[in-house]
Amino acid sequence: MSELSKAYEPQSVEDKWYDFWVKQGCFTADPARVSSSRPAYSIVIPPPNVTGVLHMGHVLNNTIQDILARKARMDGKEVLWLPGTDHAGIATERQVEKAVGKEEHKSKHDLGREEFIKRVWTWKEKHGGIIISQLKKLGCSCDWTRERFTMDPDYVACVTKVFIELYKKGLIYRGKRMVNWCPVSQTALSDEEVEMRPQKGILYHFKVEVAEMPGTWLSIATTRPETIPGDTAVAVNPRDARYAQLIGKHVVRPLPAELAREQKLIPIVGDEAVDFEFGTGVLKVTPAHDMADFAIGERHNLPRIDIMNPDATMNDLAGADLKGLERFRARKVAVEKLEELGALLEAKPYENNVGFSQRAGVPIEPRLSEQWFLKYPSVAKSKACVAGSSGSASVPSPAPSAGKMRFHPERWAKVYDHWLANIQDWCISRQLWWGHRIPVWSKRIPGNDFTKLGINEADAAHFANEFGKNSSEGGVHFAHSFSASGETSDCHVFVAKEGTTEIRALTTSLKEKASLDGLGFTQDPDVLDTWFSSWLWPFATMGWPVKTPELNAFYPTSDLVSGPDIIFFWVARMIMAGYEFMGDLPFRNVYFTGIVRDKQGRKMSKQLGNSPDPLDLIAKYGADAIRFGTMRSAPLGQDVLFDEKDVELGRNFCNKLWNACRFRQLQGGETQGEINASKLRSDDKWILLKLHQAIKDLNVAFAEYNFSEATAILYRFFWNEYCDWYVETTKALFSGDDASKKANALAVMDFVLSHTLRLFHPFLPFITEELWHGMGYAEDMPGEQGGRSILFAPWPKSFDSDTRDHYALDDCYLDHVNARFELITQGRDLRRQARVASNKKVRFVLKPSRDLPPNDIEVMKLLLNADPFEVNADYEPPKGVLSTKAEMGELYLPLEGLIDAVAETARHKKELEEIQSEIIKVEQKLANPNFVNKVPPAVLAEHRQRLEDWQGKRAHIQKLLDGLSDA
RNA sequence: GGGCGAUUAGCGUAGUGGUAGCGCAGCUCCUUUACACGGAGUAGGUCGGAGGUUCGAAUCCUUCAUCGCCCACCA
């Protein structure tokens with residue numbers, strides 16, 4: 001390879017290698033290769049919104065997935081990381097609506113449904129690839145040959161099939177119920193899409209007269225006076241002595257003002273739900289506009305007056321004064337009206353929680369509406385299917401037992417269980433156009449005269465016959481072909497209102513659909529909640545309901561990486577769908593990331609402008625840098641405070657890695673294969689032992705999904721241990737002329753670097769691949785074991801005992817080399833005290849505490865920048881010399897005169913005080929009989945050693961002090 | 001109202017009973033040929049408060065405080 005440039009330039013290598021990987025099919029999974037010796041590893045990507053752009057949350061989430069996938073490849077697994085995008089109903093529809101409005105000044109209604117959907121597809125084609133290309137820039141090793149979209153034809157068929165199955169099981173039903181209505185999007189929302197926000201408002205008190213007792217007034221508190229026209233009762237608690245006797249009587253509702261008194265009479269009902277502590281203890285009941293009131297209305301059979309339009313303006317029933325007004329404007333007018341009527345008693349500031357549409361950011365309107373609902377399936381199985389995460393820090397988590405999965409961090413299991421224990425039926429219909437259209441065609445006929453269906457006589461007779469089997473309650477299900485194509489629809493026939501019969505036909509067949517349209521059946525106009533397609537993602541993307549090789553090999557998936565914010569929307573629902581349709585969990589492990597915030601802890605948002613564009617960061621620092629920086633600053637289970645500094649650090653780290661390889665390269669050509677065990681210096685053994693330890697620590701971090709810990713281990717090993725110490729010691733050899741020793745050190749370097757590159761690869765895919773080839777390490781490996789790409793190089797193993805014996809890697813070398821480094825650090829501090837510039841050679845004298853091999857002397861000389869460096873066991877230091885004592889000996893920095901005796905004395909005295917206080921601490925412990933008797937022997941010995949060390953230091957300083965006072 | 005999490009140096013974070021660590025920022029010195037996207041050294045913490053258990057507590061227990069998140073139909 002040509003000589004490496006002085007600094008790493010990511011721009012020149014990233015695209016090159018990404019193209020290489022894709023062209024070589026490195027990311028493509030082959031189900032046929034899965035075997036007992038080559039286990040499968042799979043992840044499905046949380047599909048980003050198809051028209052979305054990459055943000056820091058994606059970077060965090062997908063970097064983790066990529067690390068897992070790349071690590072699994074190096075572990076010799078057959079890896080499928082299945083990518084794709086989500087059609088994101090509301091978000092995309094609004095985006096396109098806005099664009100159409102801006103460019104053509106048209107609404108979606110102006111265009112019509114069919115034309116609008118065409119526009120969405122055009123939009124999707126134009127913008128849909130953006131986020132995918134961004135993921136590629138980040139280095140994601142997804143199997144792009146299997147990219148999926150939640151609106152792909154086979155995916156649509158899959159969603160439809162699921163709908164029909166659940167419908168037939170009676171789990172999906174249509175009903176007129178209170179739903180969360182978003183007046184902006186003009187659609188129903190699920191409970192999960194509603195976000196409670198505290199709102200500053202006003203609590204109004206107004207009075208109503210009891211009709212049967214003129215002159216008796218009740219006072220009622222409300223935050224929503226504009227809904228008074230919709231009130232159909234007032235409720236009190238039957239146990240409330242103040243009001244119980246009024247139950248059954250009536251009050252006069254003040255609005256709409258123009259109605260006659262008798263038209264405004266509403267009953268007083270008794271209901272336990274009324275809290276008599278709150279407000280006045282009298283509750284206005286508006287069954288059509290409040291969830292709780294709806295329930296009260298059901299219990300007391302109250303009429304429901306819907307006084308609003310879908311866009312939350314008031315309708316005719318709200319009365320002449322409010323009609324046509326927007327709801328908050330109507331509130332003001334209603335208050336004015338009450339005031340005019342003399343009914344308003346007080347208005348005081350009040351803060352309460354109001355449900356907001358998460359997406360549109362406006363208060364939702366509880367609204368009575370006909371929608372499709374799902375009773376969640378497989379709830380019982382989904383409960384308690386989460387096993388605890390590995391509790392022990394040092395033991396890798398074992399494979400979960402069958403039917404169990406693990407959450408990381410474990411605490412999310414509680415959140416999941418709690419949600420599952422309290423779920424209500426899921427409102428799955430949305431009044432949108434972009435999405436999976438509900439596959440239900442319906443037609444209503446008078447009586448049960450099936451000839452009115454427009455079908456032939458035989459079919460009509462068939463219907464009548466089937467219907468006759470059970471026309472009583474929920475109706476009857478049977479299959480029927482409307483298209484004479486042999487394909488069938490699932491029919492559901494039941495008695496609807498007013499002596500009519502309703503026929504619903506559910507089908508996935510295009511021919512059936514056409515026939516149904518021809519027969520005057522109408523398809524339900526609504527589409528399904530986007531999550532109703534996402535919850536099938538793990539198996540729908542693998543070809544279900546066909547039993548594909550992918551499903552055989554890769555389902556259940558191994559890991560899921562998700563943000564905790566979609567634990568209910570997505571994760572929990574996927575678990576239920578997995579059980580219901582696959583009979584098994586969709587994944588074995590779920591890793592929940594934190595939320596990415598800015599460095600002040602604020603959520604990233606467009607408004608605040610605190611959300612950096614990851615692509616800018618990649619352009620500026622490189623993809624590896626943003627990956628490493630993000631991982632390094634993302635602590636396990638906590639939010640991530642993003643700071644560009646972290647990316648900068650990632651870039652610096654890559655540059656360090658680059659230059660460490662460059663240094664190796666500059667020392668001489670050939671890759672050195674064989675390490676000669678007999679020629680290893682203590683430093684060589686030290687770095688090999690450190691490498692061994694780093695691999696072990698790294699494996700633990702991986703088992704715990706602790707990626708910030710993993711990067712910290714890599715950082716420490718490579719920068720602090722390899723670069724700062726080991727490489728520096730080799731310079732003592734390289735300046736010498738012992739060729740065989742030099743070659744051996746190069747062999748150690750090659751060994752360490754080739755291992756290090758592999759350890760780094762999941763985190764830094766690009767630079768490691770570049771260096772893997774550039775340094776020639778690829779050539780040393782078989783093709784599919786790293787020869788072609790570092791992607792498939794085996795993950796390094798920590799050393800077994802044979803290897804340790806062969807290289808004589810005894811832990812005593814750690815102690816020995818550490819002791820030498822300690823002495824060097826202290827010696828460098830002496831230079832600082834003496835104000836000797838670090839580039840200036842200066843004389844040091846070492847009075848060693850034991851015999852030292854020549855390598856130690858050479859290394860110390862070099863790293864202290866000492867010249868001369870004298871080793872003299874009998875050294876008699878002159879008075880007042882700068883000195884330090886360490887385990888390996890006493891080090892002196894003798895300078896010609898110029899010692900500030902006063903300053904030195906003061907410094908030593910301070911030092912002595914500190915040492916003294918440490919000695920007292922240890923002595924006190926050792927003097928305590930409880931301590932000596934109860935403590936484990938190792939701890940006791942360690943304390944005694946510590947005391948000895950401190951005492952030695954004290955004696956040394958004392959000697960120096962004595963010398964100074966003599967001088 | 002319930003639940004969960006956090007509180008350790010200026011900032012960010014590690015640390016599950018035995019001498020409080022790391023990174024960034026700071027300060028000092030160094031362009032000594034792998035790297036100034038660097039090297040060397042250094043300062044900075046009574047581990048949120050108060051009790052308790054223990055020979056010994058950042059760590060275990062109790063309690064309080066502050067911050068954050070999630071869940072919840074008090075009008």
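Chain naming here is simple, since letters A, B, ... match the order of the sequence lines and numbering starts at 1 in each. For clarity, every value in this text was computed on a predicted model and none was experimentally measured.
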Integer angstrom distance from the [atom1] of [N] to that of [M]:
N     : M     : atom1 : value
B:C61 : B:U53 : P     : 15 Å
B:G51 : B:G17 : P     : 24 Å
B:C71 : B:C64 : P     : 26 Å
B:C27 : B:C67 : P     : 34 Å
B:A14 : B:C29 : P     : 35 Å
B:U63 : B:C70 : C1'   : 25 Å
B:C22 : B:G41 : P     : 12 Å
B:C24 : B:C69 : P     : 30 Å

Check: Near RNA chain B, which residues from residues 638-656 of chain A have a heavy atom under 4.0 Å away?
Finding: A:Q638, A:L641, A:K645, A:L649, A:R651, A:N652, A:N655, A:K656
Does [X] reach a base, just sugar-phosphate, or nothing at all? Heavy atoms under 4.0 Å.
X      : result
A:R946 : base
A:R632 : sugar-phosphate
A:C723 : base
A:K620 : nothing
A:P929 : nothing
A:T825 : sugar-phosphate
A:N352 : sugar-phosphate
A:A660 : base
A:N928 : sugar-phosphate
A:K6   : sugar-phosphate

I want to know whether [X] and [Y] have ring centres closer than 6.0 Å.
X      : Y      : value
A:F931 : A:H943 : yes
A:H408 : A:Y591 : no
A:Y726 : A:F717 : no
A:F568 : A:W419 : yes
A:F763 : A:F707 : no

Name the closest nucleotide to the [X] side chain, picking from [options].
X      : options             : answer
A:V727 : B:C4, B:C24, B:A34  : B:A34
A:Y715 : B:A34, B:A75, B:C24 : B:C24
A:R832 : B:C29, B:U42, B:A75 : B:U42
A:A7   : B:G18, B:A34, B:C37 : B:C37
A:N839 : B:C30, B:G41, B:C35 : B:C30
A:D724 : B:C35, B:C69, B:G39 : B:G39
A:A292 : B:C73, B:A75, B:A34 : B:C73

Check: Sub-3.5 Å donor-acceptor pair from the side chain of A:E351 to the main-chain atoms of A:P198, do we have one?
Finding: no
Notebook entry, point to check: Side chain of A:R831, backbone of A:L864: donor and acceptor closer than 3.5 Å?
Noted result: yes
Whole angstrom value for the distance that separates [atom2] of [N] from [atom1] of [X]:
X      : N     : atom1 : atom2 : result
A:F278 : B:C73 : CZ    : P     : 16 Å
A:I920 : B:G56 : CD1   : P     : 19 Å
A:R197 : B:C71 : CZ    : P     : 13 Å
A:D275 : B:G1  : CG    : P     : 13 Å
A:L862 : B:G39 : CG    : C1'   : 13 Å
A:L947 : B:U19 : CG    : P     : 15 Å
A:N353 : B:C71 : CG    : P     : 12 Å
A:N659 : B:C37 : CG    : P     : 11 Å

May I ask you to test the [X]-[Y] pair for a side-chain heavy-atom distance under 4.5 Å?
X      : Y      : answer
A:N180 : A:E193 : no
A:Y8   : A:L657 : no
A:Y350 : A:I202 : no

Notebook entry, point to check: Taking it one step at a time, do A:K284 and A:D231 satisfy salt bridge (Lys or Arg N to Asp or Glu O under 4.0 Å)?
Noted result: CA-CA 6 Å; A:K284 69 191 264 306; A:D231 290 353; 3.1 Å; yes
Pi-cation contact, [Y] with [X] (under 6.0 Å, within 45°):
X      : Y      : value
A:R197 : A:F356 : yes
A:K731 : A:F663 : yes
A:R597 : A:F642 : no
A:R820 : A:W725 : no

Check: Would you say the base of B:A40 and the side-chain of A:E728 have a donor-acceptor pair closer than 3.5 Å?
Finding: no
Check: In terms of the nearest nucleotide of RNA chain B, which residue is placed more toward the 5' end: A:W419 or A:W719?
Finding: A:W719
Are any of [X]'s side-chain N or O atoms less than 4.0 Å away from OP1 or OP2 of [N]?
X      : N     : answer
A:S838 : B:G39 : no
A:Y350 : B:C74 : no
A:K284 : B:A75 : no

Margin query: Counting Watson-Crick and G-U wobble pairs with both distances under 3.5 Å, what is the dot-bracket string for RNA chain B, 5' to 3', using [ ] for crossing pairs and | for pairs to another strand?
Written below: ((((((((.[[[[.)..(..]]]].(((((.......))))).....[[[[[..)....]]]]])))))))....
Note to self: Nearest 0.5 Å, please: how far is CD in A:Q951 from CG in A:L947?
What the structure shows: 4.0 Å
What does the list of N/O pairs under 3.5 Å between the protein and nucleotides 52-54 of chain B look like, with a distance for each?
none

